[in-house]
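Scope of the values below: all heavy atoms of this structure, side chains included, with no hydrogens, waters or symmetry mates.
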Amino acid sequence: MKSKLELHVEDLSWKVENEKLILDEITMTFLKGGFYGILGPNGSGKTSLMRHLLRLIEAKSGRISLNDKKLNTYKRKELAQNIALVPQNTNIDTNFTAYDIVMMGRAPYQKRFEESNSNDQRIVKEAMEMTNCYHLKDEIYSNLSGGEAQRVITARAIAQQTPWLVLDEPISHLDIRYQIELMEHLKQLNAERGVSVLAVLHDINIAASYCKQIVLMKNSKIVAYGPTEEILTKENLEEVFEMRFMEIEQPGLQKTLFFADIHNKN
């Protein structure tokens, strides 16, 4: 019997010592091949959930499994061959070049002290070209701007060539051109290579335009999840963000766009 190609979270709770719960009995199944947008106000638990999926925080209450295998039974190298992360914080104080940083994405496939081969070099170049940062390859990473660093770290995750790609606010440091470029590349990876994408996003309309599934979080819980057109509604957004929204139909795009109603806040 084949194992299920999914990332499953069951009854996951987490808090820091005596603080209030940051994750409160989270149960969620991410299916292979999905493109998930995770939305919610600051402090709702989005980043903490992502960090648990990478075992950057070990699950102490609840269970996380990947392909029917407990996440905590994966060896670190094995896990790195399955899930790649684009973190929210891309500040790394290092003298490595941008190229060196992206090449680190190939480490899960290399033996200790083994140098990169021509295949690794090809993959790294393709990833950097995809994120429009190959021209930065010889630049010292710590000298890069926030947007440049974001593109380099994203290239590193793409070069890792994992079936799962987790991104925590991947477009927060990018200008509008690179935001759209990155989302288009993620869409391409999802459609053509079957990469499963989980992205924490703040831009509701970008999520509406690119994500197939939406997860809404509030107060440490998952409020709703499912197909984008069912979950992204005026009513759901007003409940989660506690403010009024306007919705505008875009018939040509077959999309509904949402905007905060600043003239009607209550």
Side-chain angles (χ1 to χ4, degrees), residues 1-15 21-41 44-75 78-88 157 160-170 183 186-187 189-201 204 206-233 236-237 239-240:
M1 181 177 177
K2 293 183 178 179
S3 62
K4 296 179 181 179
L5 298 178
E6 64 184 29
L7 185 55
H8 181 65
V9 181
E10 185 175 353
D11 295 330
L12 177 65
S13 295
W14 181 70
K15 65 179 180 179
L21 283 171
I22 298 173
L23 295 174
D24 188 0
E25 297 185 351
I26 299 293
T27 296
M28 172 75 204
T29 299
F30 299 99
L31 297 177
K32 181 72 178 71
F35 194 137
Y36 293 85
I38 297 116
L39 304 175
S44 58
K46 304 183 299 296
T47 293
S48 296
L49 176 58
M50 297 299 98
R51 289 174 64 82
H52 274 84
L53 298 181
L54 274 294
R55 280 183 61 201
L56 298 174
I57 302 174
E58 293 285 356
K60 295 180 180 179
S61 175
R63 182 177 186 270
I64 304 176
S65 60
L66 174 62
N67 302 338
D68 281 344
K69 179 179 176 180
K70 289 183 179 180
L71 202 68
N72 61 9
T73 64
Y74 279 81
K75 295 180 179 179
E78 182 186 12
L79 187 60
Q81 292 174 355
N82 279 276
I83 309 177
L85 170 69
V86 178
Q88 184 179 131
Q160 208 167 318
Q161 290 198 324
T162 55
W164 296 83
L165 185 56
V166 175
L167 307 100
D168 191 0
E169 299 187 30
M183 296 306 296
L186 294 177
K187 180 180 178 181
L189 288 171
N190 177 256
E192 297 180 5
R193 301 186 190 180
V195 175
S196 307
V197 178
L198 283 63
V200 173
L201 298 167
I204 295 169
I206 282 185
S209 298
Y210 288 96
C211 300
K212 299 176 183 176
Q213 299 89 11
I214 295 293
V215 180
L216 292 179
M217 296 188 69
K218 180 184 179 183
N219 296 335
S220 310
K221 293 178 176 288
I222 290 178
V223 175
Y225 71 90
T228 298
E229 60 274 12
E230 295 179 10
I231 301 303
L232 272 191
T233 65
N236 281 344
L237 292 175
E239 177 188 351
V240 168

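- With a 6.0 Å radius and a threshold of 12 heavy atoms from other residues, nucleotides or ligands, Arg63 has its CZ atom above the threshold.
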Thr233 vs Glu239, test: side chain to side chain contact (heavy atoms under 4.5 Å, CB included). Steps then yes/no. CA-CA 10 Å; Thr233 65; Glu239 177 188 351; over 6 Å; no

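- By the salt bridge (Lys or Arg N to Asp or Glu O under 4.0 Å) test, Lys70 pairs with no residue at all, sequence neighbours left out.
- Here the CD atom belonging to Glu25 is positioned 5.0 Å from the OG atom belonging to Ser13, to the nearest 0.5 angstrom.
- Within the model, atoms CD of Gln81 and OG1 of Thr162 stand 10.0 Å from one another, a figure rounded to the nearest 0.5 Å.
- Note that CG of Leu66 and CG of Asn72 are 12.0 Å apart. Values are rounded to the nearest 0.5 Å.
- Judged by distance alone, the side chain of Tyr36 and the main-chain N or O of Leu31 form a donor-acceptor pair under 3.5 Å.
- In this structure a side-chain-to-backbone donor-acceptor pair under 3.5 Å is present from Asn190 to Gly34.
- One N or O on the side chain of Asn236 and one on the backbone of Ile231 form a donor-acceptor pair closer than 3.5 Å.
- In terms of heavy-atom proximity, Phe30 sits nearest to Trp164 at O-CH2, 3.2 Å.
- Put simply, the side chain of Thr27 does not reach to within 4.5 Å of the side chain of Ile222, judged on heavy atoms.
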Evaluate Leu12 against Leu49 for side chain to side chain contact (heavy atoms under 4.5 Å, CB included), listing each step before the verdict. CA-CA 9 Å; Leu12 177 65; Leu49 176 58; 4.1 Å; yes

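- Here the side chain of Ser196 pairs a donor or acceptor atom with the backbone of Gly33 at under 3.5 angstrom.
- Listed for the Lys32 side chain is a donor-acceptor partner under 3.5 Å among the backbone atoms of Gly194.
- Relative to the six-membered ring of Phe35, Lys187 misses at least one condition, a distance below 6.0 Å or an angle of at most 45° to the axis.
- Inter-residue side-chain proximity for Tyr210 and Val197 is flagged as unmet; no heavy-atom pair is nearer than 4.5 Å.
- The distance from the NZ atom of Lys218 to the CG atom of Leu39 is 14.5 Å, given to the nearest 0.5 Å.
- Counting only distance, with no hydrogens or angles, the side chain of Arg55 and the backbone of Leu79 share no donor-acceptor pair below 3.5 Å.
- Contact check for Leu85 versus Leu56: side-chain heavy atoms found under the 4.5 Å cut-off.
- Glu78 has its side chain within reach of Lys69: a pair of non-hydrogen atoms, C-beta onward, lies under 4.5 Å apart.
- The distance from the CG atom of Asn67 to the CD atom of Glu6 is 8.0 Å, given to the nearest 0.5 Å.
- Counting heavy atoms from C-beta on, the side chains of Leu198 and Val215 never come closer than 4.5 Å.
- Summarising the geometry, atom CE belonging to Met50 is positioned 11.0 Å from atom CD1 belonging to Ile57; distances are rounded to the nearest 0.5 Å.
- Panel note: side chain Lys46, backbone Pro41; a donor-acceptor pair is recorded below 3.5 Å.
- Between Trp14 and Ser48 there is a side-chain heavy-atom pair separated by less than 4.5 Å.
- The two residues Met183 and Ile206 come nearest to each other via the heavy atoms CG-CG2, 3.8 Å.
- Looking at heavy atoms from C-beta onward, Leu54 lies in side-chain contact with Val166 at the 4.5 angstrom threshold.
- A donor-acceptor pair is defined here as one N or O able to donate and one able to accept, closer than 3.5 Å; no such pair exists between the side chain of Asp11 and the backbone of Ile26.
- Contact annotation: the side chain of Cys211 approaches that of Leu201 to within less than 4.5 Å [non-hydrogen atoms, C-beta and beyond].
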